[in-house]
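To start, the structure itself, in structure tokens.
Hydrogens, waters and symmetry mates are skipped; everything else that's a heavy atom, side chains included, is used. Treat the numbers as computed from the prediction; the structure is a model and nothing was measured.
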There are 2 protein chains.
Amino acid sequence: MTEPTGLRARKKARTHDAIADAAISLFLARGFDQVSVNDIAATAEVSKPTLFRYFATKEDLVLHRFADHNGEAARVVRARQPGDSPLTALHRHFRAGLDRHDPVTGLNDHPEVVAFHRLVFGTPSLAGRLTRYLLDDEEALAGALGPGIEARLRAAQVLAVQRVLARTNWQKIADGRTAPEVHPEAVADADQAFAQLRSGTGGTTHHGS
Amino acid sequence: MTEPTGLRARKKARTHDAIADAAISLFLARGFDQVSVNDIAATAEVSKPTLFRYFATKEDLVLHRFADHNGEAARVVRARQPGDSPLTALHRHFRAGLDRHDPVTGLNDHPEVVAFHRLVFGTPSLAGRLTRYLLDDEEALAGALGPGIEARLRAAQVLAVQRVLARTNWQKIADGRTAPEVHPEAVADADQAFAQLRSGTGGTTHHGS
DNA sequence: GTTACTGGGTTAAAAAAGCAACCTGGTCAT
DNA sequence: ATGACCAGGTTGCTTTTTTAACCCAGTAAC
């Protein structure tokens, strides 16, 4: 199961990281629009075509971290334990993210993470493209939940709820509070949110239907 | 006059250095014959064919430092000031090497350099190949000195003398003395050696003959 | 109102690197 | 002596990267 660690793969990963690191650090230092892709390529010591072979657009240089999580909700649903409803699995997964202070939950007070979030939400083109990622995620989740309009609706609701939860947590962090301090509220909010989702669906859709 | 520093050239230089550094440090740690080229390639994180694209033989992994100086004597002669004899130019150059403790003069007491010399002279295949480098150097110097057998003879004598000087200096260092301490003797030895060379040739061959 | 620059993104060709398989010459068992 | 193995070095093929040139959109200068 171990993916082959040849020279090629190792160097590819390093190049990817070098580009991403150069991009993020330049963006954080000077702002998204004040950095050209040429600057990034130069800093990462790769050519421009190489940069675009690793990242399709300038925005993706920032958003690949979210892209890595793409389809995660769908995966969680598909990999859930027999007997668990999709919502239960998603709830557990979000809760686990909270516990490990996963940045995607908004519950992370590392200065770098906070600055990163400010960068994303403070740059229109980034925030814009981020929503497109969410749409993909939503579509995948819908596919995992089943066919028909009902699944799509529920998928949209779930992701909307998660977005609000993350945004709420991030806001509290941005106001200067610490992650451990906010954690209990975040858990309570999540519990309430998922309970509300469940009431809407009745929680009737179980595995192996 | 600045040589173009493109990405390609920079990365090539880095790869070259990475291989050379990996090789030297492994050789110093375990000895020439106890290290395989596979080890070196793995440590430098390149493939074996790549290693051999940069260095023709395993020996060259050690000797490229000498190879870099290849043809130096010839260059010195060709670039000498008008009015200087070849011997004067070579003498001045050797003297300058002494003053800056250039490792090729043997007058360098840095532990790494000493260990490097011990490696070279203590490994037959290395010492052997080193003489081949000297032969190339000799041929180039002969070409710079002029045509005919006379130039060849003088070239051979010059390089032989330099080799003895370097070896003498190195021996004193190997005996535990410091480079600054040995420096005056080294200068005196060089002066005497070049004086002797001059007496043999009469020093009559001047620039712009 | 062109002209010219800048920035995001692409293309084609050539250099460089990786990989796997091979050749050769030694050494060491059986 | 035969066969297996290892180390130095090579070969052919594929993937990756560089390079330089280009396209298109905005925008500042004249």
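- Here the C1' atom of nucleotide C/dA17 and the CZ atom of B/Phe52 are 16 Å apart, to the nearest Å.
- In this structure, B/Glu139 places its CD atom where only 12 or fewer heavy-atom neighbours from other residues, nucleotides or ligands lie under 6.0 Å away.
- A donor N or O paired with an acceptor N or O is found under 3.5 Å between the base of C/dG18 and the side-chain atoms of B/Arg53.
- With the nearest nucleotide of DNA chain C identified for both B/Arg8 and A/Ser36, A/Ser36 has the one nearer the 5' end.
- With a cutoff of under 4.0 Å to any heavy atom of chain B, the contacted region of DNA chain D is bounded 5' to 3' by D/dG8 to D/dT19.
- Here the P atom of nucleotide C/dA16 and the CZ atom of B/Arg14 are 16 Å apart, to the nearest Å.
- Computed from coordinates, the A/Arg10 CZ to C/dC19 C1' distance equals 14 Å when rounded to whole Å.
- Distance NZ/B/Lys58 to CZ/B/Phe32: 4.5 Å, rounded to 0.5 Å.
- Between the P atom of C/dT6 and the CG atom of A/Asp39 lies a distance of 13 Å, rounded to the nearest Å.
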Taking only nitrogen or oxygen atoms into account, show me every contact under 3.5 Å that the protein makes with nucleotides 24-29 of chain C, one pair per line with its distance.
none

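- One atom, CG of A/Leu51, and another, P of C/dT10, lie 11 Å apart when rounded to the nearest Å.
- Under the 3.5 Å distance criterion, the side-chain polar atoms of A/Lys172 are left unmatched by any main-chain donor or acceptor of A/Glu181.
- A donor-acceptor pair under 3.5 Å links the side-chain atoms of A/Asn108 to the main chain of A/His101, judged by distance alone.
- Within the structure, a side-chain polar atom (N or O) of B/Ser47 is placed less than 4.0 Å from OP1 or OP2 of C/dG18.
- Between the side chain of B/Asp84 and the backbone N or O of B/Ala89 there is no donor-acceptor pair closer than 3.5 Å.
- In this structure, A/Asn38 atom CG and C/dG9 atom P are separated by 11 Å, rounded to whole Å.
- Rounded to whole Å, the distance from CD1 on A/Ile40 to P on C/dG7 is 12 Å.
- For C/dA17, one of the phosphate oxygens OP1 or OP2 lies less than 4.0 angstrom from a side-chain nitrogen or oxygen of B/Thr15.
- Taking 3.5 Å as the limit, the base of C/dG18 and the side chain of B/Lys48 contain no donor-acceptor pair of atoms between them.
- Rounding to the nearest 0.5 Å places CZ of B/Arg163 at 11.5 Å from CG of B/Asp137.
- Within the cation-pi definition used here (under 6.0 Å to the ring centroid, within 45° of the axis), B/Arg129 does not qualify as a partner of B/Phe66.
- Taking a 6.0 Å sphere around CZ of A/Arg132, one finds it holds 12 or fewer heavy atoms contributed by other residues, nucleotides or ligands.
- Along DNA chain C, the nucleotide nearest to A/Lys11 and the one nearest to A/Phe32 differ in position, and the one closer to the 5' end is contacted by A/Phe32.
- The environment of CD in A/Gln192 is sparse: at most 12 heavy-atom neighbours from other residues, nucleotides or ligands sit within 6.0 Å.
- Taking five base pairs at each end of the helix from C/dG1-D/dC30 to C/dT30-D/dA1 and finding the rotation axis that steps the C1' atoms of four pairs onto the next four gives two axes whose angle is 10°, to the nearest 10°.
- Other residues, nucleotides and ligands contribute at most 12 non-hydrogen atoms within 6.0 Å of the CD atom of B/Glu112.
- With a 6.0 Å cutoff to the six-membered ring centre and a 45° limit on the axis angle, B/Arg65 counts as a cation-pi contact of B/Phe116.
- A/His183 and A/Asn169 form no side-chain donor-acceptor contact under 3.5 Å, judged by distance and modelled atom types alone.
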